[in-house]
Amino acid sequence: MKKSRISGLHRLDVPARIAELQRLGWLSEADAGLLAHGGHVLLTSSADKMIENVVGVFGLPFAIVPNLLVNGRDYIVPMVVEEPSIVAGVSNAAKLSREMGGITAASSESLLAGQIHITKIGNVETALSALGEAQEELLAAANAVHPRLIERGGGARELETHLLELSGERAAIAAHLLVDTRDAMGANLVNTMCEAIAPRVAELCGGQVALRILSNLTDRSLVNARVQFQLDETVRDGIVLASDIAQADPYRAATHNKGVMNGIDAVAIATGNDWRAIEAGAHAFAASSGRYLPMATWSVSADGALRGELTIPLKVGTVGGTRDVNPAARLGLRIAGVEAAQELAELMAATGLLQNFAALRALATSGIQAGHMKLHARSVALSAGVPDALFDEVVAELTAGGEIKAWRAQEILAEKQDKARTGEGSAGHAAGKIILLGEHAVVYGRHALALPVSNAVVATVSAGGASLHPPEIESMVGLIRRELGIDEHYSVTVSSALPIAMGLGASAAFAVAIVRAFDAELGKGLDDAAVNAIAFKCERLAHGTPSGIDNTIATFGQSMLFRRGDVLEANPLNLNEVPPIVIGCSHTTGLTRDLVDGVRSRRERNPGHYDSIFDQMDALSREGAQALQVSDYGKLGELMNVNHGLLNAIGVSTPELENMVSLARAAGATGAKLTGAGGGGSIVALCPGKVEQVRAALEAAGFRTLELDQE
Ligand code: NAD
């Protein structure tokens, strides 16, 4: 039995989270692959078949909630929702609910009512009794429309009648055909049945058919969920008070129920269900007593526990609708792992109840704003493009200031960056690098061609304080301080456009930027050679035996043709322009040392073949340097493609990198290849006139991109 109690999922990045869920058996290898490469996303061509005037598809976050225990079974729940704190709220509440046995959810029936409205009736009494007598005939006629439904154990079960008074003293009869639609939500199934029997119903009533369509007030599909929590008495009583207030105040009940629906709608969307139908049913049911009431209520049990109960109409499906077209909905259903529609409805009710608890607990304790606002501040900072290194600081300031708006995030960011450039503290810049041609061959004394990613990294140092952002720079900063003989305290912040461990020279660029920032702050007047020498020591500390290319490019920020003999030869190239290059980052970090070792042992087995490949790579780098200097991108692209083939031949490419290279070429790149050690990391694509197209193609497939000039 798989356990859904999973801790620390929120601390992983997306690829690691997917890998962890696969490792724990919650995602199959195929589904993990779909998620990792965006293969679950609806294609525009499929969307165009679903609705009218399609111009694209629209994205929303797709998350999973661990920890659920419902009716003694472990579940993880898929959720699609844009509002922060919902997923975290349900996940925490689910964890807590396990202490008292989880949630119990039940539904005794799952019937959908189709309504046939008849007006202009001669005699209402006669009409009602005629319908009563013809019940069997009408049910048989309805069932004849959907013989497959009967085979599946479903079908029309009852015919109910309701007498309605319309304005102007007119009467109408609503005949309700109650249908067991099995695993389908059943809207279309029931509508066809209603259309089929409506003429006969009108005839029996001696009236006319007005309407014939399902009702979304699905109160013959009620689901009940219950949970208990052992809580601190003050919090428990605060939640009960909130529940009592919702009973008495429809204004509050609406917000209370919105909290329930936060959980339910997110699961509905993730599993391809019609959330408008669910919403309509829920609120109509909440008001069915004539007064709008909370659907979830909280009280204290005899043994002092907090007891919650939710009753809600949920007529949902696991088949039909648009699921066959939308791969994300099918994936959501596989994640939920439910076998039948009623089981899905029970899981949704459990999620809604937990979400309501999470919201009420936050209200009853610190107030919902604190937790919510922190998460909200994170999404605002993200949308404002705050770089990773300053992210936590900007979020903290945004939350503390209370004005959580994108303009404010940008203002705080600008203040921090200005502070770095002027006045307090000093800044240092450094470039990232891409190897355009010749990686691996360079280890064996051949040429390699490398280009800078300019202004990719900025470091700031300021006197006083001793904070480090990100904290991982600690040993690097320690070494730099020793090299520069610095004893006083300084805070160091590095802001980087480069992802780490992606073959883009981030660690060397960090070192160069930090050395320069200290140099500016202390007025040491280091020249580039001195900066480069210290950065090389940092690289040695981090990587053992680095080639020296990364720190050289990071320092000089210039394209260069390299050759590694006893010392590194670096020949700067003069370029007329920044080449039209797009960098695409895979979801995997390649371990340079392992990859270099792998190539070494394969070369030992086949020295002749490998050396001739390295000779070819050498020629490619030298020719490439010439083509680059005259901006001959057609030629350069071809050389890159050949180089990629050779890198594949020596075993450092991966299916993901091959996919990215193909995507870039298909979108118009003249050349595309992996860059750096391979085994993951990044690709480079040369795209004269096609930069935006190649970027868009890689991003649509879920890959982060960068350009050469970060200004
Ligand atoms: P549907 O029309 O796709 O019908 C379900 C299909 O699944 C049937 O063909 C049935 O034969 C098949 N099926 C296979 N296995 C089954 C099983 N185990 N149990 C039951 N059926 C099985 O889907 P639907 O559920 O009839 O209609 C849902 C759609 O209708 C939704 O997309 C909804 O948005 C839409 N809709 C809603 C409303 C409303 O809510 N007011 C009105 C009209 C349409």
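Index from 1, following the sequence. Source: prediction; values computed, not measured. In listed order, ligands and their atoms are each counted from 1.
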### Task
Non-hydrogen atoms closer than 4.0 Å to ligand 1: which protein residues do they belong to? List them by chain and number, please.
Arg152, Thr181, Arg182, Asp183, Ala184, Met185, Gly186, Ala187, Asn188, Leu189, Asn191, Leu214, Asn216, Asp274, Ala277, Val319, Gly320, Gly321
### Query
Can you tell which of Leu204, Ile121, Ile173 makes a side chain to side chain contact (heavy atoms under 4.5 Å, CB included) with Leu128?
Ile173
Give the table of side-chain donor-acceptor pairs shorter than 3.5 Å for residues 277-284, with sequence neighbours excluded, one pair per line with atom names and distance.
residue: Glu279; atom: OE1; partner: His283; partner atom: NE2; Å: 2.8
residue: His283; atom: ND1; partner: Tyr292; partner atom: OH; Å: 2.7

#### Entry: Note: Lys258-Asp265 ion pair, threshold 4.0 Å (strictly below)
no
### Task
Not counting sequence neighbours, which residues clear ring pair (Phe, Tyr, Trp, His ring centres under 6.0 Å) with His162? List them please.
His176
### Task
Among residues two or more places apart or on two chains, list those pairs meeting ring-ring contact (aromatic ring centres under 6.0 Å, His included) that have a residue in residues 63-108.
none
### Message
Would the distance check show the side chain of Asn143 and the main-chain N or O of Ala156 forming a donor-acceptor pair, the cut-off being under 3.5 Å?
### Response
yes
